Amino acid sequence: MSKNSNQSAKKTTSRRDFIKKGSSLLVAGGVVGSSLNFARAAHAYGSDTIKIGLVGCGGRGTGAAVQAMNTTGGEVKLVAMADAFGDRLQTSFRSIKGKHGEKVDVPEDRKFIGFDGYKSVLESDAELVILATPPGFRPLHFEAAVKAGKNVFMEKPVAVDPAGVNRVLAANEIALEQNLAVAVGLQRRHEVRYKEIIGKLQDGAIGNIILSRAYWNGGGVWVRPRNDQQTELEYQMRNWYYFNWLCGDHITEQHIHNLDVINWLMDGYPVEAQGQGGREVRKGKDFGQIYDHHMIEYTYENGSRMVSQCRHIKGCWNSVSEHAHGSAGHADISGGKIYDTQGNMVWQTKGAGDGHQQEHHDLFEVLRKGERPNEAEYGAKSSMTAILGRMATYSGQVVKWDDALKSNISLANVDMMTSYDEEAPVKSDANGGYPVPVPGEFKPLGEKKA
Ligand SMILES: NC(=O)c1ccc[n+]([C@@H]2O[C@H](COP(=O)([O-])OP(=O)(O)OC[C@H]3O[C@@H](n4cnc5c(N)ncnc54)[C@H](O)[C@@H]3O)[C@@H](O)[C@H]2O)c1
């Protein structure tokens, strides 16, 4: 990985080679698409219109589509949308149309509802797809998007279990070979304040990094209460935050941002983790199976440690931030400040800005130049960092990176889902509660394989 964030963009391959390779992949992947997709994927768009599709039309998918259409240098047009639920799709459609009416070309027959909707978006002539469902579906959708020859912007996390991480890494090999752009919604990597300070710290501004700290401590997130008309599978899908096969616990869903900043700083990934966590206030059947706090000590290959905390409990100390301590000073990374060993501030960033918007400016700018960035490897490995932490807190054991990844544990077989009448991957007990992992009893490498 390059020192500063993104892997370097690869220049385009020959157009003819690309179409040839692309066609065989389409057949192998069983995804119906047109060779036009591959041809356009290798194309320097210049000021041409870039067509996009959206899979997962919730808060972030809607936001990402709007941010893509806010970019300059040429038009970005939304041509197809898919969501598991019609109500979510229509709300998103209205919201996007309200902001970018003239750039929305999604008639009723290009709005796709249900588990298979993503396949229809991939069959459309969208050249880039935004994947923004709950992360449990991301490996399936990413793999299919790559096989269909689409450029991708996918939200973080990119997986919720080791099998998903392996699947994303494998699909990314094809994306690299086919010169497809893959952007991941870890927007801090595109913010000036972060790029500046990580560069300075990697250049030795505080000496060797001995310890780092990462926090996502806050009050928690939404609960979507059960409705009597819902099947169990629909309930879990609507209340996805609380089920690990969909969300991966809040350490994976939110704290990944802070863990990724430290991985970026360290230019690597932890080799092991141990920690503790539990459910102090998040009790009862409305909260599925996730914890409300995790605290983890990660170890990097060079012996440097990261202390990580994430909490969803109201009325406590809140902080969403990253910090580093070195032999010659310390840094408030998120605050963009560097201090010497006496505590004097010796540098402060002037950078600011909206990472969510910036990552789309950066992506569309390079697409128009004919370059294809690839952020999937750090997206997958920072997702794995969070999953490793979860395995450590759920079990109370030391869990090693290589063992966890090799386990290829999968929390659900989402490929096979077609209807809400099917059995949900997680079952409730007689009181309506769900199984919550107990440290000491939970086997980190022994989770049931789906
Ligand atoms: N980068 C960031 O700062 C940031 C911020 C918020 C959310 N996110 C990420 O974005 C993703 C979505 O989060 P959100 O807040 O928009 O959630 P959300 O619940 O608002 O939206 C998710 C949407 O996906 C749909 N969906 C679920 N399963 C689907 C399937 N199989 N096929 C098609 N659609 C499906 C849901 O119906 C819903 O409309 C998550 O991975 C989340 O972590 C990232």
Side-chain angles (χ1 to χ4, degrees), residues 53-67 80-96 111-122 129-142 144-145 153-160 164 168 183-191 216 218 221-224 230 233-243 245-258 260-261 290 310 320 354-360 375 379 382-383 386 412-420 422 424-425:
L54 174 59
V55 178
C57 309
R60 186 80 279 276
T62 304
V66 167
Q67 282 143 4
M81 299 170 75
D83 197 278
F85 301 110
D87 56 319
R88 301 297 312 260
L89 189 149
Q90 291 299 1
T91 304
S92 170
F93 174 79
R94 283 193 295 273
S95 167
I96 299 171
K111 293 177 181 167
F112 306 105
I113 312 296
F115 286 102
D116 279 351
Y118 74 97
K119 292 183 183 166
S120 303
V121 170
L122 297 180
V129 288
I130 295 172
L131 305 180
T133 66
F137 292 101
R138 197 93 67 244
L140 167 68
H141 292 171
F142 176 59
F153 171 87
M154 60 177 163
E155 264 307 338
K156 48 43 67 173
V158 305
V160 297
V168 167
V184 176
L186 289 163
Q187 65 273 8
R188 284 164 176 73
R189 298 234 185 194
H190 291 265
E191 292 181 22
W216 193 302
V221 298
W222 48 261
V223 173
R224 294 179 185 146
Q230 291 167 343
L233 182 55
E234 177 174 350
Y235 167 69
Q236 292 188 14
M237 293 270 294
R238 295 262 190 195
N239 205 33
W240 63 266
Y241 210 99
Y242 297 93
F243 295 94
W245 67 274
L246 285 158
C247 166
D249 203 319
H250 63 104
I251 183 172
T252 311
E253 200 281 327
Q254 274 182 330
H255 192 37
I256 180 178
H257 283 296
N258 320 101
D260 178 60
V261 167
I290 69 172
C310 56
V320 178
D354 173 359
H356 285 118
Q357 183 59 64
Q358 191 58 46
E359 64 189 351
H360 287 278
E375 303 176 348
S382 286
S383 300
N413 188 352
V414 297
D415 295 34
M416 304 307 288
M417 288 177 184
T418 55
S419 137
Y420 299 115
E422 289 166 24

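Atoms within each ligand, like the ligands themselves, are counted from 1 in listed order. Quick caveat: nothing in here was measured; it's all calculated off a predicted structure. The residues of the chain are indexed from 1 along the displayed sequence.
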| request: Let me know which protein residues bring a heavy atom to under 4.0 Å of ligand 1; chain then number is fine for ordering. | output: G56, C57, G58, G59, R60, D83, A84, F85, R88, A132, T133, P134, P135, F137, R138, H141, E155, K156, P157, G185, Q187, R224, M237, W240, E253, H257, H356
| ring pair (Phe, Tyr, Trp, His ring centres under 6.0 Å) with F142: which residues, sequence neighbours excluded? | none
| request: Using the test ring pair (Phe, Tyr, Trp, His ring centres under 6.0 Å), find all partners of F112 that sit at least two apart in sequence or belong to another chain. | output: none
| So does R189 pair up with E359, basic N to acidic O under 4.0 Å? | no
| task | Taking the six-membered ring of W240 (Phe, Tyr or Trp), confirm whether the NZ or CZ of R238 is under 6.0 Å from its centre and within 45° of its axis. | result | no
| Are any non-hydrogen side-chain atoms of N258 and R188 less than 4.5 angstrom apart? | yes
| request: Kindly write out the residues that satisfy side-chain contact (heavy atoms from CB on, under 4.5 Å) with S92, not counting sequence neighbours, or none if the list is empty. | output: L54, C57, T62, M81, I96
